[in-house]
Amino acid sequence: MQHETASPTARHHRHGSNAGQPLTRRDGLLKVTGRATYAADNHPDGTLYAVVATSSIARGRVRSLNVEAAKAHPGVVEVLTPANRPPLAHDPDEKMPPFGFRVEVLQDDTVRYVNQPIAMVIAQSLEAATEGAALLDPRYETEPARTGPSNGTRFDPQAIGVGAPARTAHGDIEAGLAVAARVTEAEYVTPSQYHNAMEPHAIVAQWDGDRVTIDMPNQALALSCASYAAYFGIPAENVVIRSPFLGGGFGSKAILNGPQILAILAARMLGHPVKLALTRAQMYGPVGHRGRTWQKLRLGTDAQGRLTALHHHALGATSSFDEFIEPAANASLPLYASPAILAEHEGLRLDIGTPGPMRAPGEASGSAALEVAMDEAAEACGMDPLDFRLANYAETEPVTGKPFSSKALRECYVEGAKRFGWSERPLAPRTMRDENGFLVGWGMGTAVFPCPHFPAEARATLRADDTALVETGGVDMGQGAWTALAQIAAEALGLDPDQVELRSGESTLPDGGIAGGSAHTASAGMALHNAGGNAIAQLAELATADPESPLFGAGNIGVVAQAGRLHRRDDEQRGETYAAILARAGRTEVVGTAKSTRDPAVASTHAMYSHGAVFAEVKIDPDLGQIRTTRLVGAFAAGRIINPRLVRSQYFGGMIWGISFALHEEAITDRRTGRFLNADLAEYHVPVNADVPALDALLIPEDDPHVNAIGVKGVGEIGITGTVGAIANAVWHATGTRVRRFPIRMEDLLAGSSAE
Amino acid sequence: MTPFDYIRPATLPEAVRAGSAPGSAYLAAGTNLLDLMKGGTLRPERIIDITRLPGLDRIDWLHDGSVRIGALVRNSDLAYDDRFARTFPAVAEALLSGASAQLRNAATVGGNLMQRTRCAYFHDPASACNRRSPGSGCDAREGENRLHAVLGWSEHCIATHPSDFCVALTALDAVAETEGEHGTREIAVDALHALPGATPEQETALAPGELIVALRIPAEAARFAPRSRYLKLRERTSYAFAIVSAVAALDVQADTIRGARIALGGVAAKPWRAREAEASLIGAAATAEAFARASELALAEARPSGDNAFKIELARRIVARALALARGGTPEIMPALPASPFSTVPGADHAA
Ligand SMILES: Cc1cc2nc3c(=O)[nH]c(=O)nc-3n(C[C@H](O)[C@H](O)[C@H](O)COP(=O)(O)OP(=O)(O)OC[C@H]3O[C@@H](n4cnc5c(N)ncnc54)[C@H](O)[C@@H]3O)c2cc1C
Ligand code: SF4
């Protein structure tokens, strides 16, 4: 199979070091010319097409399927149902460690949510498979669907998110509330949201004996290989996943799902490559979503506006058969100083597909509630919302007391406020109008996101011709990994990025870790940094031990790699090129390898987060309630910035998602049947350009000596946090109406206004 | 996919003959029909592609000053036709507030008129829907009906007609010219879409196989050119169907209203002409009080069909606003955000 990988396409004019340069995307030209190969673009010879038949009920069992009719349709090759589905080596009703969920792969005839796979039709054409699936005409035994708090079952979860404790307590909440001068208490509701990546979950699976090659968009290559290997009873090295490009993932392509497992199974069963691409509607169910939450906050404040207690309780929806509880209340743990903090979670079992991580899982929905609650508390104290946050600034991590590895949040507040013009903001709501009579409101929120680190490995081959090949199984879901990782490697190797070829996006390469948790640049980047360092160290060893080298004996002083040359740390003039060192040693290359993990000692002594402050302006029609976010300014501090262009783009994306969360996005389901009523991009609203007139993201310098050797934190998810609250608070400031349900709609604002 | 016959007639009579056979559907740009087929809502046995029929893609100005628009004229071609936009600015604004630029470039005038409701239960083959499957019931009645009808609905169906274009056409007394098995006829756009009553499946006045060949807007409607607006509320600033919308057109002379046109969108199974409200304005001064009275009259019969009482109040307010904007005069140039409240104020900074 022909496989294109990205290669550098243009020479960049640069100043100074590689890292920190706003290079454009290396893969940009491939993408805009349609030559970037996405999973479904692969057409191996003999490919068969699979279509999943999905359930239209939320709970019950499939009583019958007209398999004969489907099979009789011309072109249909096979119909997979629970009756003939070949066995799997791992029980799909058991979780797959470490992050895998229970999956529905036709293990029985029960239906546990709408759009669950109930059969798979494989045919010679997509059309035949589609019609075959339609001909199955499923009949069900239907049980009443549990679709909300009134009929779902509440329970105390063992863990939330991907294994966090359900309850975290610090100090005595009730005592803190008892001494408070004021207590602010409110409930906030967030809807279910679906990832809706542009590229649907697609897969092309091809077996050769007991080895399988899989083309699919995948955010966690090595982990997925191990999991597929467990399902198919083969060694992990027999699974090759190729995922050079993803058309968005947002968390939904990090975890295995039923339909894709079935496609691999069908390929083995039929001895043909099998291609499957979910339809947009089929992405509403088996591939995760952001679960609904109902969050209660209680904030106690003293006479000076300092928190005496911060209590965040989150009820989170999950499926009837597995758990992913949005860790929303944990958003209250890292941000504001309070003598008493309690974050606790409850689960609600519904007949839905299991939720999963979606860009800023927990942080986004939790921050939405917390930042509005903080605004309400500031209002109760008669304080400016920014002053109120500064009065509660956490100098150390609130619950643990650990110092922050770095925290330039104060600078974010100051610079963001300055750029926005926050100091002009009147305290009282409904006091600002623009020249055309629209209500104007200003609101703000704090952004925060942790800095996890995933173990990763890399290899760096430095060649005599002043080029290098660097390799890590990283993943570019659009965030720019192809470019930023090459920049980090080039820096470590003392080369220009144009001299560095990056191989990535394939599981055969050294494990690049997971593209998730906003940790990919730090994790895979550190592995590349170390591998490059290892290659340079080998080169330095050759040189410093060679009496003919100008670097002979410089071992103790140390050498520096720069512009394809090693020189003495104390004298830039004394050095020689890599080529010269290799030539004399009779070598054509040196190969550096490395792993990166986080030093547990540093992790246990420091709290590590990216921070930011977001300021929003909304304009609202006073009679009609139509809302528009007219201005957003975010100021973010996230350690060292490898590529400001890509980072700003991540912040923009996050902030736009914040607009979406605040004003637009919501999956609507029928409360009786649980069926989706807007599972398409016409009716599932995300912002369009007209909703985003002005965006500004400030990169606040931050030097972090602890987080990792390259000082890199995460930028992928933080932009959503803070933004949702900022917009909701701006809506209040414009209208005086406090809306506690997302997305905010125009009818929420009607009661408070009247026609003029 | 269900196998279907694909027929591409070369002449109008051929098309009508093919279209009159049971199980047929006309295919224009397909932006609505093909979506419905892919989702399993509609499974026609025969697709009659009318896009190659000759002569249906023209905009002709007739001697009496009226305009005749071929059924295959693209939405954007019509909206950007200079003379058309100057003569019937509210129609152009309505067109440009619909869908997206890409869709408008494809969508035809006839297809826009004949597009089906966006009621999600109509789209979902697993739901009960009298309109799609007569007698099966209406899952919207007790379901998610926040955006459903507040006027003219029945127990059998509470769907709305989603077109923006039709709202402006109705207000201006536009007429559809059709060709059917029994010859040609004219149907007022206001009479084209049916209220559901007990037969919601009877969506339009067209007989099976009857094809819309053109639309005419009478010359008389040009008198509103100086003062007419289309206004549309939606869940994002652009690219969304109306929650409610309104067109208002006024002929004001010496401070007195000589003619008024008001129609609402998103409120009923058809574009809703508010004739009593119009009548209340004739001879009156163009004041906020008169507009408030008209807006009350326009919604006098309205009642919620579910969780949608807010739409009645919104509709009242949007009628009053549209009238006020019409009084203020048609904008010199098409606003950057057509029909949005955020571009209603002359001189507003549309980039804001
Ligand atoms: C994402 C999305 C958003 C949209 N938003 C809006 C919006 O905001 N406002 C709005 O008004 N519309 C909106 N639309 C609808 C759009 O305007 C229609 O899809 C389009 O106008 C249909 O035109 P067409 O030529 O593609 O029709 P087709 O899809 O080809 O046909 C539509 C129907 O009309 C019938 N038909 C077509 N031509 C004739 C004819 N000459 N005589 C008789 N019957 C005919 C067909 O049989 C079919 O039933 C949206 C559509 C989409 C997909
Ligand atoms: S409102 Fe009309 S279109 Fe919608 S489900 Fe009911 S009958 Fe069908």
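Proteins come first, then strands; the chains are lettered A, B, ... in the order of their sequence lines, and each starts at number 1. Computed from a predicted model, the values in this text were never measured in an experiment.
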Let's test your reading of the structure: which of B:Cys119, B:Ala240, B:Ser127 forms the most heavy-atom pairs below 4.5 Å with chain A?
B:Ser127
Between CG on residue A:Asp680 and NZ on residue B:Lys38, distance to nearest 0.5 Å
12.0 Å
Begin with the C-alpha distance, continue with both residues' side-chain angles, and end with the deciding distance and a verdict on side-chain contact (heavy atoms from CB on, under 4.5 Å) for B:Lys311 and A:Glu747.
CA-CA 8 Å; B:Lys311 284 183 67 167; A:Glu747 67 255 40; over 6 Å; no
At a 4.5 Å cut-off on heavy atoms, which part of A:Thr673 comes close to chain B: side chain, backbone, both, or neither?
neither
Please name the pair of heavy atoms, one in A:Val688 and one in B:Ser238, separated by the smallest distance, quoted to 0.1 Å.
CG2-O, 3.6 Å
Just give me the residue among B:Asp124, B:Ile243, B:Asp35 that pairs up with chain A most often, heavy atom to heavy atom, under 4.5 Å.
B:Asp124
With a 4.5 angstrom heavy-atom cut-off, could you sort out which part of A:Arg675 is near chain B: side chain, backbone, both or neither?
side chain
Output yes when A:Arg672 and B:Glu144 qualify as a salt bridge under the 4.0 Å nitrogen-oxygen rule, no when they do not.
no
Around A:Arg419, counting heavy atoms of other residues, nucleotides and ligands shown, do more than 12 lie under 6.0 Å from its CZ?
no
Closest approach of B:Phe342 to A:Phe438 (non-hydrogen atoms, all atoms of both residues):
CA-CZ, 4.0 Å
Where is the tightest heavy-atom contact between A:Leu677 and B:Ala120, given as atom of each residue plus distance?
O-CB, 3.3 Å
I'd like to know if the side chain of B:Arg236 reaches the main chain of A:Leu663, judged simply by a donor and an acceptor atom lying under 3.5 Å from each other, with no hydrogens or angles considered.
no
Should we say atom CZ of A:Arg139 is surrounded by more than 12 heavy atoms from elsewhere, each under 6.0 Å from it?
no
Side chain, backbone, both or neither of A:Glu683 within contact of chain B (heavy atoms, under 4.5 Å)
side chain
Please classify the contact of A:Leu681 with chain B as side chain, backbone, both or neither, using a heavy-atom distance under 4.5 Å.
backbone
Can you tell me which of B:Tyr121, B:Tyr239, B:Phe241 forms the most heavy-atom pairs within a distance under 4.5 Å of chain A?
B:Tyr121
Counting only heavy atoms not in A:Glu143, do more than 12 sit closer than 6.0 Å to its CD atom?
yes
Kindly give the heavy-atom pair with the smallest separation between A:Asp670 and B:Gly143, and that separation in Å.
OD1-CA, 3.9 Å
Rounded distance [0.5 Å steps], OG1 in B:Thr237 versus CG in A:Asp691
3.5 Å
CD1/A:Ile668 to CG/B:Leu147 distance, rounded to the nearest 0.5 angstrom?
7.0 Å
Under the side-chain hydrogen bond (donor to acceptor under 3.5 Å, both in side chains) test against A:Asp623, which residue among B:Arg316, B:Arg317, B:Arg321 passes?
B:Arg321
Taken to the nearest 0.5 Å, the spacing of B:Leu314 CG from A:Met746 CE works out to 6.5 Å
Measure distances from B:Ser295 to the heavy atoms of chain A and classify the residue's part below 4.5 Å as side chain, backbone, both or neither.
neither
Closer than 4.0 angstrom, basic N to acidic O: yes or no for B:Asp307 and A:Arg671?
yes
Using atom types as modelled and distance alone, determine if a side-chain donor or acceptor of A:His685 lies under 3.5 Å from a backbone N or O of B:Glu235.
no
So for B:Asp139, is it side chain, backbone, both, or neither that comes closer than 4.5 Å to the heavy atoms of chain A?
both
Residue part contacting chain B, namely of A:Leu135, when any heavy atom lies under 4.5 Å:
neither
Which portion of A:Ala133 sits near chain B, non-hydrogen atoms under 4.5 angstrom
neither
Counting distance only, does the side-chain N/O of A:Gln626 pair as donor-acceptor with the main-chain N or O of B:Arg234 below 3.5 Å?
yes
